[in-house]
Structures are given as C-alpha cells and as structure tokens.
Visitor: 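Pasting a structure below so you can have a look.
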2 protein chains.
Amino acid sequence: MKPPVTDHLSQDCRAVSEILARVGDKWSVLIIMRLSDGPKRFSRLQQMIGNISHKMLSTTLRGLERDGLVTRTVHPTVPPQVEYSLTELGHDLTVPVNALGEWALRNQDKIRAARAQFDARQEFEVKAS
Amino acid sequence: MKPPVTDHLSQDCRAVSEILARVGDKWSVLIIMRLSDGPKRFSRLQQMIGNISHKMLSTTLRGLERDGLVTRTVHPTVPPQVEYSLTELGHDLTVPVNALGEWALRNQDKIRAARAQFDARQEFEVKAS
DNA sequence: CTGCATCCCAGATGATACTG
DNA sequence: CAGTATCATCTGGGATGCAG
C-alpha cells in the first residue's frame, strides 16, 4: 500500500515534462529572453527574433499569455499598438531558464564534439559493410 | 564596429534554443531523470517511462548518445543486454534541468489557474458573439 | 499594426513486423 | 532482448489572404 518513491518521482517528471513542452518549443524561450529586459511591441519582437513567422509569433505569444507568463496590453490607438511584457511568473521563469542557458553555453563545445565523434564513428561503421 | 550587447545575446539565445530542442523534446528529460540514479537496461527504461513506444525510446536514446549525454554498453550475452547510463556531461545536465523541474513543480498550480482563467475568458467572449 | 483562418508540407511519433 | 524498417498518422510550422 505504500508506493515506492519512483511513483511520485514519476508524477514529478510528468509535470516537468509538461512545462518543458511549453518552454521547449521552438520560440517560447526566444520570446521570453527578449521580453526579460522590458515590454516590447509585436512588430518589435518579430524583428528582434528574426526569422519567426507572423503566425508563430502570434500563436506562441497566445500560449504564453494563456499560461500566465506574459501580459498583452492593447493601446486603442490608430493604428493599434499591442505591448507584451513578462508577468512576475514569467520573470521568475527566466531564472531557471537562464541557468539552463548558461549550461548550454558552457557545454555546447562538448556537445558538438560528441556529435562529430559519433557521426564519424557511424560513417566508419558504414564503410565496414 | 562594436556590436551592442543585444547581438551577442542573440547568439546566446540560439545556443540555448538548440539545447532546449534536445532537452525539450517529448522524451529526453524523462529518460535523463530515470537514468540519474543509475544505469538502466532498455526494457527497464521502457517499463519505467510507461507509454513510450519502442521506437521512440530507441531513437531518443540514440540522440542522447550522439550528444554525449548517455553511454550505451552492450553485454554480449544471450539474449543480449544493453545498459544505458548518464555520462558526466549528462549528469551535469540534471542540475539545471532539476532546477527547471522544481520551478515547474512550484508553479504548476499557478499555470493551471492561469490557463483555466484564460480559457474561461475565451468562452465568455465567444458567448458575446 | 495585429490577429485570425486556411491551405500545405515536412518532420515527429506511433503500430507493426522482421532481424540478430 | 534490443534494434531497425516500413507505413500510417498527427502535429508544428510556414505562406498567404482577409479583417478589425
């Protein structure tokens, strides 16, 4: 009647996974990073990020807003201006995300090296056919 | 000739994104978590994770191995046994990932609440049609 | 300027069956 | 037991056009 620790760990992992699904998609982090130093308008974000399509910026922002990570403020001017900014929750998130980011920066060389080595080995084994 | 900080920040974000693409996929983190307390065999992993398909476990493990995050050890027995374990790099990664995981656990309620509220508002606005 | 709908494609994922 | 190949399916993401 007493489930092992593995069980609750399992649930934790699901939760983590769910959040990572939000954070790990192609654009969320890029957007959050850009907003971390202040509110930005839609078009400003698009030009800052570069190669994000109109649609995905819109979609991703909507998702982030839904999760309470960013705020959407419409200024009823003509033409309309919409500002996005991080909520407190969103700002909070930048801390662990930055930690992961720093890890990525520190270790990107190792990863690239590992990939190169792995790929080289693959090629070698193919020759042995 | 001195690019603003934004520029190097931009590059950083790409790197972060790239790593998140690895870590953020549907299964990588689940696998890494399961391996964090010791080596596991293929079938053991599959039953621990639950609803992962044979193929995706295989594919994801391959990807992790390629990136130098896990090690694959074949024991030439009959039937063959294959053990997977975290490399030092992989073990390193669990630190920031756990940080993110703890954030997720701490804030999952807030996120759920935000979603519920957002969805409720959506429904309301639909009624106004 | 922003947002939303539609069409479309490429890649990710899953079910199944076969090999070593 | 572990890995791979094939085929079907689903989803993310881009292009475009229209609307507020």
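Throughout, protein chains are lettered first and strands after them, A, B, ... in sequence-line order, and every chain is numbered starting at 1.
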Visitor: Please check this pair: side chain of Asp25(A) against backbone of Ser28(A), looking for a donor-acceptor N/O pair closer than 3.5 Å.
Guide: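 It does hold such a pair.
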Visitor: If you compare every side-chain N and O of Tyr84(A) against the phosphate oxygens of dC1(C) (OP1, OP2), does one of them come in below 4.0 Å?
Guide: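 So the side-chain polar atoms of Tyr84(A) never come under 4.0 Å of the phosphate oxygens OP1 or OP2 of dC1(C).
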Visitor: Check the distance between dG13(D)'s P and Leu61(A)'s CG and give it to me in whole angstrom.
Guide: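 Going from Leu61(A) (CG) to dG13(D) (P), I get 14 Å.
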Visitor: With respect to the side chain of Phe42(A), which nucleotide from dG3(C), dG14(C), dC1(C) is positioned closest?
Guide: dG3(C)
Visitor: Given 3.5 Å as the limit, does a donor-acceptor pair link the side chain of Ser58(A) with the main chain of His54(A), or not?
Guide: no
Visitor: In whole Å, what is the span from the CG atom of Asn51(A) to the P atom of dG14(D)?
Guide: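 For the pair Asn51(A) CG and dG14(D) P, the rounded distance is 8 Å.
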Visitor: Can you list, by residue number, the residues of residues 52-59 of chain B that have a non-hydrogen atom closer than 4.0 angstrom to DNA chain D?
Guide: His54(B), Lys55(B), Ser58(B)
Visitor: Would you mind telling me which residue lines up with the more 5' stretch of DNA chain C, Pro80(A) or Arg62(A), judged by nearest nucleotide?
Guide: Pro80(A)
Visitor: Give one of base, sugar-phosphate or nothing for Arg72(B), where a contact means two heavy atoms less than 4.0 Å apart.
Guide: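 The residue Arg72(B) makes sugar-phosphate contact but no base contact.
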Visitor: Taking for each residue the nucleotide of DNA chain D bearing the nearest heavy atom, is the 5' side occupied by Glu83(B) or by Lys26(A)?
Guide: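 Residue closer to the 5' terminus by nearest nucleotide: Glu83(B).
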Visitor: Give the rounded distance in Å between these two atoms: CD1 of Ile49(A) and P of dG14(D).
Guide: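 Distance check: Ile49(A) CD1 to dG14(D) P gives 11 Å.
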Visitor: Specify the separation, in whole Å, of atom CD of Gln46(A) and atom P of dG3(C).
Guide: 11 Å
Visitor: Nearest-Å distance, CD1 (Ile31(B)) to P (dT13(C))?
Guide: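 Taking atom P of dT13(C) as the reference, CD1 of Ile31(B) is at 11 Å.
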Visitor: Okay, side chain of Thr59(B), backbone of Lys55(B): is any donor-acceptor separation there less than 3.5 Å?
Guide: yes
Visitor: Among the candidates dT13(C), dC1(C), dC1(D), find the nucleotide nearest to the side-chain atoms of Arg41(A).
Guide: dC1(C)
Visitor: Determine whether a donor-acceptor pair (N or O, by modelled atom type, separation under 3.5 Å) exists between the side chain of Arg66(B) and the backbone of Arg62(B).
Guide: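 Side chain of Arg66(B) to backbone of Arg62(B), a donor-acceptor pair under 3.5 Å: no, none is there.
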Visitor: Is Thr77(B) close enough to dC1(D) that one of its side-chain N or O atoms is under 4.0 Å from OP1 or OP2 there?
Guide: no
Visitor: Same cluster for Leu45(B) and Trp27(B) if Ile/Leu/Val/Met/Phe/Trp/Tyr side chains link at under 4.5 Å?
Guide: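 As far as the 4.5 Å side-chain criterion goes, Trp27(B) and Leu45(B) are connected within one cluster.
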Visitor: Got more than 12 heavy atoms from elsewhere within 6.0 Å of CD, Gln47(B)?
Guide: yes
Visitor: Grab the CH2-P distance between Trp27(A) and dG13(D) for me, whole Å please.
Guide: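 Interatomic distance, CH2 of Trp27(A) to P of dG13(D): 8 Å.
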Visitor: Can you tell me how far P of dT11(D) sits from CG of Asp25(B), to the nearest Å?
Guide: 17 Å
Visitor: Using the rule that two of Ile, Leu, Val, Met, Phe, Trp, Tyr join whenever any of their side-chain heavy atoms come within less than 4.5 Å, decide whether Ile31(A) and Phe118(B) are in one cluster.
Guide: no
